[in-house]
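Notes for the one structure printed next.
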There are 2 protein chains.
Amino acid sequence: MQKLLLADDHELVRETIADFLRLQGGFDVVTAQSFDEAISVARAKGPFELVMLDYSMPGMDALSGLARMRAQTGCPVAILSGTATPDVARRALSSGASGFLPKTLAPQSLVSAVRHMLSGEVYMPLEFLNNGETNETDVNLTPRERDVLLGITEGKSNKEIARDLDIQEVTVKLHVKTLSRKLGARNRTHAAMLGRDLGLM
Amino acid sequence: MQKLLLADDHELVRETIADFLRLQGGFDVVTAQSFDEAISVARAKGPFELVMLDYSMPGMDALSGLARMRAQTGCPVAILSGTATPDVARRALSSGASGFLPKTLAPQSLVSAVRHMLSGEVYMPLEFLNNGETNETDVNLTPRERDVLLGITEGKSNKEIARDLDIQEVTVKLHVKTLSRKLGARNRTHAAMLGRDLGLM
DNA sequence: GCGGTGACTATCCGTTTGCATAGGGGGATG
DNA sequence: CATCCCCCTATGCAAACGGATAGTCACCGC
């Protein structure tokens, strides 16, 4: 029987989906309620043939959890999301996710999606690509902040960014501080990662 | 009967695939031998339910042809490629392609892939994500360097990384320096971005 | 044994970040 | 006009980073 790992912090959602996969899909489903627990479970009760991670979940830290889980287990990892924006879906795939599962997915489609991923292909509903042009995530940076963030992602120093934008270095620092606060980043590097994950540039 | 548009400048490949889709899939396949012809055909003989474009083809201009075709037809557009690198595949999906079809795909898989895309989902073989190491760059980090790089991508300071790995901060700095040199990064932020782009963790 | 390599520690130094405080100008909106 | 918001600048300071140099220790292959 194929072993799946499902991690979601909402108990109702988690257990509903798990039960459905057990009954309708005949899978052996193990659950976890946080990213850290998922990592522990993956180590303790593995190997799994597919891991499904909720996108907004304690410890997930946007998409960096995806990379960590992939690195540890080496098995296909899918992203599960309720507040699904097309852009997040695309980025998930770019980061190596085996699939993107919106929670609005019809139950029967879920089973076929899981089978699809188990057979070594990528699952993703098309509507998450077509509508994808306007991706207003809840974060809204000012144009200047985006400029600075772009510079950060290119590994530039504040001084370089200042020269490129023809402003003073102190001003760059100001933007770095404010955009980091808006993104909930702990420093410029974190801001760069979150900015890329959220597709802000 | 579902109408498909297939554009490829190599006649043999184009007609072989087209015939196969007609016979085995029962599709109505129209062909074109350049991107510009594909655009004309799409306007003249449309609408189509799926368009397949060769990645390297006169007028395609890498992936910018994908966006133009999507904008004009509004229907799913897949990328067909012989010289398939995982990177191109990822970029294709990020640019809104409905699928990525390597020409090495088994014929029968091609039909199922087309059906998959017609049903509104995205097709992509997993090996183009998992093997996406893109080891052209031939970076080989030591295990410890990967640990440190992972910490950097999570926005941690050297001090935090040191505590987590139970080593001294100076040692972390050493690893940061060496892994940055290996990656060709200008600083830790740049290293984090390159590390994520190259899928090193 | 010997050389090579990975991992680690130490001290020192200049540069860069990060953060706080304290403003000025311009444009939009009420 | 008053009031935001965005953008810019300035000064100052503590912390973190980046780099150089100089080692120790353990492991592995020849």
Side-chain angles (χ1 to χ4, degrees), chain A residues 61-62 64 68 71-72 134-201, chain B residues 133 135 137-198 200-201:
Chain A
D61 193 18
S64 77
R68 285 163 63 194
Q72 185 184 307
T134 55
N135 62 319
E136 274 315 301
T137 49
D138 45 352
V139 210
N140 60 335
L141 302 183
T142 67
R144 218 45 166 168
E145 286 165 355
R146 282 171 201 271
D147 291 340
V148 172
L149 181 54
L150 180 60
I152 295 176
T153 61
E154 290 168 354
K156 292 178 182 169
S157 68
N158 288 340
K159 192 177 295 182
E160 288 171 307
I161 296 172
R163 197 189 56 233
D164 291 352
L165 296 179
D166 201 32
I167 57 180
Q168 295 303 306
E169 187 180 343
V170 278
T171 309
V172 175
K173 288 187 180 182
L174 171 70
H175 289 314
V176 172
K177 189 184 60 175
T178 52
L179 74 84
S180 290
R181 193 182 58 241
K182 286 183 183 179
L183 292 175
R186 8 189 2 186
N187 53 43
R188 58 169 45 224
T189 303
H190 200 194
M193 301 310 269
L194 293 175
R196 174 157 299 187
D197 282 349
L198 299 174
L200 295 176
M201 294 155 304
Chain B
E133 303 291 327
N135 273 344
T137 46
D138 199 34
V139 242
N140 58 337
L141 302 183
T142 68
R144 218 44 168 169
E145 286 165 355
R146 282 170 200 270
D147 291 339
V148 172
L149 181 53
L150 181 59
I152 295 176
T153 62
E154 290 167 357
K156 292 177 183 170
S157 68
N158 287 340
K159 192 177 295 183
E160 288 172 305
I161 295 171
R163 199 190 52 235
D164 292 351
L165 296 179
D166 201 33
I167 56 179
Q168 294 302 306
E169 186 179 344
V170 279
T171 309
V172 176
K173 286 189 181 184
L174 173 69
H175 289 314
V176 172
K177 190 183 60 173
T178 52
L179 73 85
S180 291
R181 193 182 58 242
K182 286 184 182 177
L183 292 175
R186 345 173 43 170
N187 53 43
R188 57 168 46 223
T189 303
H190 200 193
M193 298 315 244
L194 293 175
R196 172 154 302 184
D197 283 350
L198 299 175
L200 292 177
M201 297 154 304

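Each chain gets a letter, A, B and so on, in the order the sequences are listed, and its residues count up from 1.
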### Query
When you measure from the side chain of A:Asn187 to the backbone N and O of B:Gly155, does any donor-acceptor pair fall under 3.5 Å?
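Here the side-chain-to-backbone pair exists.
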
### Task
For the pair A:Glu160 (side chain) and A:Ser157 (backbone), establish whether a donor and an acceptor sit closer than 3.5 Å, ignoring hydrogens and angles.
yes

In this structure, how many angstroms lie between the [atom2] atom of [N] and the [atom1] atom of [X], rounded?
X        : N      : atom1 : atom2 : answer
B:Ile161 : D:dG18 : CD1   : P     : 10 Å
A:Lys182 : D:dC5  : NZ    : P     : 10 Å
B:Glu169 : D:dG18 : CD    : C1'   : 12 Å
B:Ile152 : D:dA16 : CD1   : P     : 15 Å
B:Arg146 : C:dG6  : CZ    : P     : 13 Å
A:Arg186 : C:dT17 : CZ    : P     : 18 Å
B:Leu149 : C:dA7  : CG    : P     : 14 Å
B:Gln168 : C:dA7  : CD    : C1'   : 13 Å

#### Entry: Strand-adjacent residues in residues 171-180 of chain B, judged by heavy atoms under 4.0 Å from DNA chain C
B:Thr171, B:Leu174, B:His175

### Query
Please walk me through it: do B:Leu150 and B:Arg146 pass side chain to side chain contact (heavy atoms under 4.5 Å, CB included)?
CA-CA 6 Å; B:Leu150 181 59; B:Arg146 282 170 200 270; over 6 Å; no

### Query
Under 4.5 Å between any side-chain heavy atoms of A:Leu149 and A:Leu183, yes or no?
yes

### Message
Could you check whether any side-chain heavy atom of B:Leu174 comes within less than 4.5 Å of a side-chain heavy atom of B:Gln168, counting everything from C-beta outward?
### Response
no

Polar atoms only, N or O, under 3.5 Å: list the protein pairs with nucleotides 28-30 of chain C and their distances.
none

### Query
Is any side-chain nitrogen or oxygen of A:Thr142 closer than 4.0 Å to OP1 or OP2 of D:dC5?
no

### Task
Tell me whether the OP1 or OP2 atom of C:dT16 has a side-chain N or O from A:Asn158 closer than 4.0 Å.
no

### Message
Checking contacts here: which listed nucleotide (C:dT11, D:dC7, D:dT11) is nearest the side-chain heavy atoms of A:Val170?
### Response
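Output: D:dT11.
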
With rounding to the nearest 0.5 Å, note down the distance linking [atom1] in [X] to [atom2] in [Y].
X        : Y        : atom1 : atom2 : answer
B:Leu194 : B:Thr153 : CG    : OG1   : 12.5 Å
A:His175 : A:Ile152 : NE2   : CD1   : 11.0 Å
A:Glu154 : B:Thr189 : CD    : OG1   : 12.0 Å
A:Arg188 : A:Lys173 : CZ    : NZ    : 9.5 Å
B:Lys156 : B:Ile161 : NZ    : CD1   : 7.0 Å

## Note on the structure
Residues B:Ala191 and B:Ser180: closest non-hydrogen pair is CB-OG, 3.9 Å

#### Entry: Rounded to 10 degrees, the angle between the two terminal axes of the helix from C:dG1-D:dC30 to C:dG30-D:dC1, each from five pairs
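One end axis against the other gives 50°.
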
### Whichever of B:Thr189 and A:Arg144 has its nearest DNA chain D nucleotide further upstream toward 5'
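By nearest-heavy-atom nucleotide position, the 5'-most residue is A:Arg144.
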
### Message
Could you walk me through whether B:Arg144 and B:Leu165 satisfy the side chain to side chain contact (heavy atoms under 4.5 Å, CB included) test, starting with their C-alpha distance in whole Å, then the side-chain angles of each, then the deciding distance to 0.1 Å, before giving a yes or no?
### Response
CA-CA 9 Å; B:Arg144 218 44 168 169; B:Leu165 296 179; 4.0 Å; yes

### Query
Taking for each residue the nucleotide of DNA chain C with the nearest heavy atom, is it B:Asp166 or B:Asn187 whose nucleotide lies nearer the 5' end?
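That would be B:Asp166.
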
